[in-house]
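Remarks on the structure that follows.
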Amino acid sequence: MSLLQLKNTTIRFGGLVAVEYVDLTIEKGEILALIGPNGAGKSTIFNMVTGIYPPTEGNIYFSGEEITHLKPYQITARGIARTFQNIRLFKDLSVLDNVKIGCHNHTKSELWGALSRLPAVKKEEAEITDKALACLELTGLSKKRDELAKNLSYGEQRRLEIARALAAEPKLLLLDEPAAGMNSGEKVSLANMVREIRDMGLTIFLVEHDMKFVMGLSDRVVVLNYGRKIADGTPEEVKKNPDVITAYLGKDGV
Ligand SMILES: Nc1ncnc2c1ncn2[C@@H]1O[C@H](COP(=O)(O)OP(=O)(O)O)[C@@H](O)[C@H]1O
Ligand SMILES: [Mg+2]
């Protein structure tokens with residue numbers, strides 16, 4: 001059974017078909033890249049998988065369970081977390097607080113304010129802090145824990161988004177253009193970090209334009225063009241595919 005399966009997935013916005021009859025699977029432990037020109041529907045696929053925009057047609061399954069019409073928080077609870085193409089952080093909060101917000105059990109104790117003096121709540125708070133610190137360690141941001149998010153470099157902010165997504169303890173991690181705006185050194189360490197996260201047992205689904213990054217990191221690549229899937233294979237297969245070269249890569253390849 002695939003970890004994630006999209007079956008005939010279609011979404012229309014008014015008259016525009018953003019994603020059309022896409023079939024796609026991700027196996028547990030894979031690093032799968034979704035590539036294609038701007039406007040091809042890549043982020044929209046992430047939005048459907050995470051419940052932001054349910055598909056107009058088709059079905060989405062996670063670990064065999066249909067999640068097509070679940071709410072975003074229900075999908076997060078089942079083990080899917082993401083980052084966004086446009087960084088979404090609480091810029092005036094500390095790095096540590098941004099990650100604590102990602103911990104999915106952070107509202108487990110109701111009446112938080114009133115009860116916050118009780119020992120059980122104190123213990124939960126400590127557990128959340130420990131978990132958030134572990135996520136910062138993994139993303140190389142431990143030393144920045146007390147900085148405000150807005151004072152981080154662009155590359156560090158992208159890592160912080162990953163740390164926050166990891167705090168939800170996902171099985172499947174969706175990364176929307178994680179290397180955008182990074183320099184080549186930052187990209188190399190990002191690729192190493194993504195591999196490390198996969199080796200810890202997670203599955204990675206990423207959208208990225210940097211073909212060197214994509215082809216070096218991914219086990220499999222899916223290509224989208226005008227909302228339709230035009231290729232699905234290993235990096236070597238996809239690089240040689242004439243349809244992909246015409247639609248996206250260009251004849252010089254990568
Ligand atoms: N909420 C929305 N309302 C209307 N159109 C949308 C919406 N979200 C995405 N689209 C359209 O769907 C198409 C695919 O967008 P997107 O998934 O963001 O592309 P990509 O991430 O591949 O660059 C674009 O034409 C975009 O304008
Ligand atoms: Mg996008």
Side-chain angles (χ1 to χ4, degrees), residues 4-26 31-60 67-73 75-76 80-89 154-155 157-162 164-165 170 172-182 186-187 190-191 194 204-215 217-218 220-233 235 238-239 241 243-250 254:
L4 184 77
Q5 184 185 13
L6 276 69
K7 231 170 91 185
N8 263 328
T9 311
T10 300
I11 186 164
R12 298 185 190 89
F13 295 108
L16 176 93
V17 189
V19 174
E20 198 170 16
Y21 300 119
V22 167
D23 287 325
L24 191 157
T25 57
I26 304 182
I31 299 178
L32 180 77
L34 181 61
I35 66 170
N38 280 326
K42 304 179 299 295
S43 294
T44 301
I45 287 190
F46 277 16
N47 288 337
M48 290 193 287
V49 170
T50 53
I52 294 175
Y53 295 125
T56 330
E57 272 183 64
N59 314 80
I60 303 176
I67 60 163
T68 318
H69 294 289
L70 295 186
K71 301 272 177 254
Y73 74 91
I75 291 173
T76 308
I80 302 180
R82 72 176 295 181
T83 64
F84 291 89
Q85 185 174 341
N86 302 309
I87 295 172
R88 295 188 188 181
L89 292 168
Y154 193 73
Q157 291 189 18
R158 289 224 169 265
R159 282 172 172 269
L160 178 53
E161 273 222 315
I162 296 174
R164 183 176 59 189
L172 175 65
L173 178 63
L174 274 50
L175 303 173
D176 199 346
E177 302 199 13
M182 287 190 174
E186 287 174 320
K187 283 177 186 174
L190 175 68
V194 171
I204 312 286
F205 187 15
L206 72 109
V207 167
E208 184 48 60
H209 283 293
D210 184 316
M211 284 305 108
K212 196 169 158 234
F213 182 90
V214 164
M215 299 302 182
L217 178 64
S218 311
R220 191 155 58 90
V221 179
V222 168
V223 190
L224 211 61
N225 192 34
Y226 292 112
R228 284 186 170 267
K229 187 168 108 170
I230 60 166
D232 186 337
V238 164
K239 273 193 246 182
N241 183 310
D243 295 338
V244 177
I245 292 169
T246 306
Y248 187 55
L249 294 182
V254 271

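Hydrogens, waters and symmetry mates are skipped; everything else that's a heavy atom, side chains included, is used. Order of listing sets the numbers, starting from 1, for every ligand and every atom in it.
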(request) Could you confirm whether Thr44 has any N/O/S atom lying under 2.8 Å from the Mg ion (ligand 2)? (result) no
(request) Keeping the roles fixed (side chain from Thr10, backbone from Asn8), state whether a donor-acceptor pair exists under 3.5 Å. (result) yes
(request) Measure centre to centre between the rings of Phe84 and Phe46, then say whether the value is under 6.0 Å. (result) no
(message) Within rounding of 10°, what is the angle whose vertex is the Mg ion (ligand 2) and whose arms end at OE1 of Gln85 and OG of Ser43?
(response) 80°
(message) For ligand 1, give me the residues whose heavy-atom distance to it is below 4.0 Å, by chain and number please.
(response) Phe13, Leu16, Ala18, Pro37, Asn38, Gly39, Ala40, Gly41, Lys42, Ser43, Thr44, Tyr53
(message) Assess, by modelled atom type and distance only, whether the side chains of Arg12 and Thr56 contain a donor and an acceptor separated by less than 3.5 Å.
(response) no
(request) Could you confirm whether Asn38 has any N/O/S atom lying under 2.8 Å from the Mg ion (ligand 2)? (result) no
(request) Could you label the plane-to-plane angle of the Tyr248 and His209 rings as parallel, tilted or perpendicular, counting under 30° as parallel and over 60° as perpendicular? (result) tilted
(message) Any side-chain to backbone donor/acceptor pair from Lys71 onto Gly51? Under 3.5 Å, distance only.
(response) no
(request) Would you mind checking if Asp210 and Lys187 are paired as a salt bridge, meaning a charged N to carboxylate O distance below 4.0 Å? (result) yes
(message) Do the side chains of Arg159 and Glu186 get close enough for a salt bridge, i.e. N-O under 4.0 angstrom?
(response) no
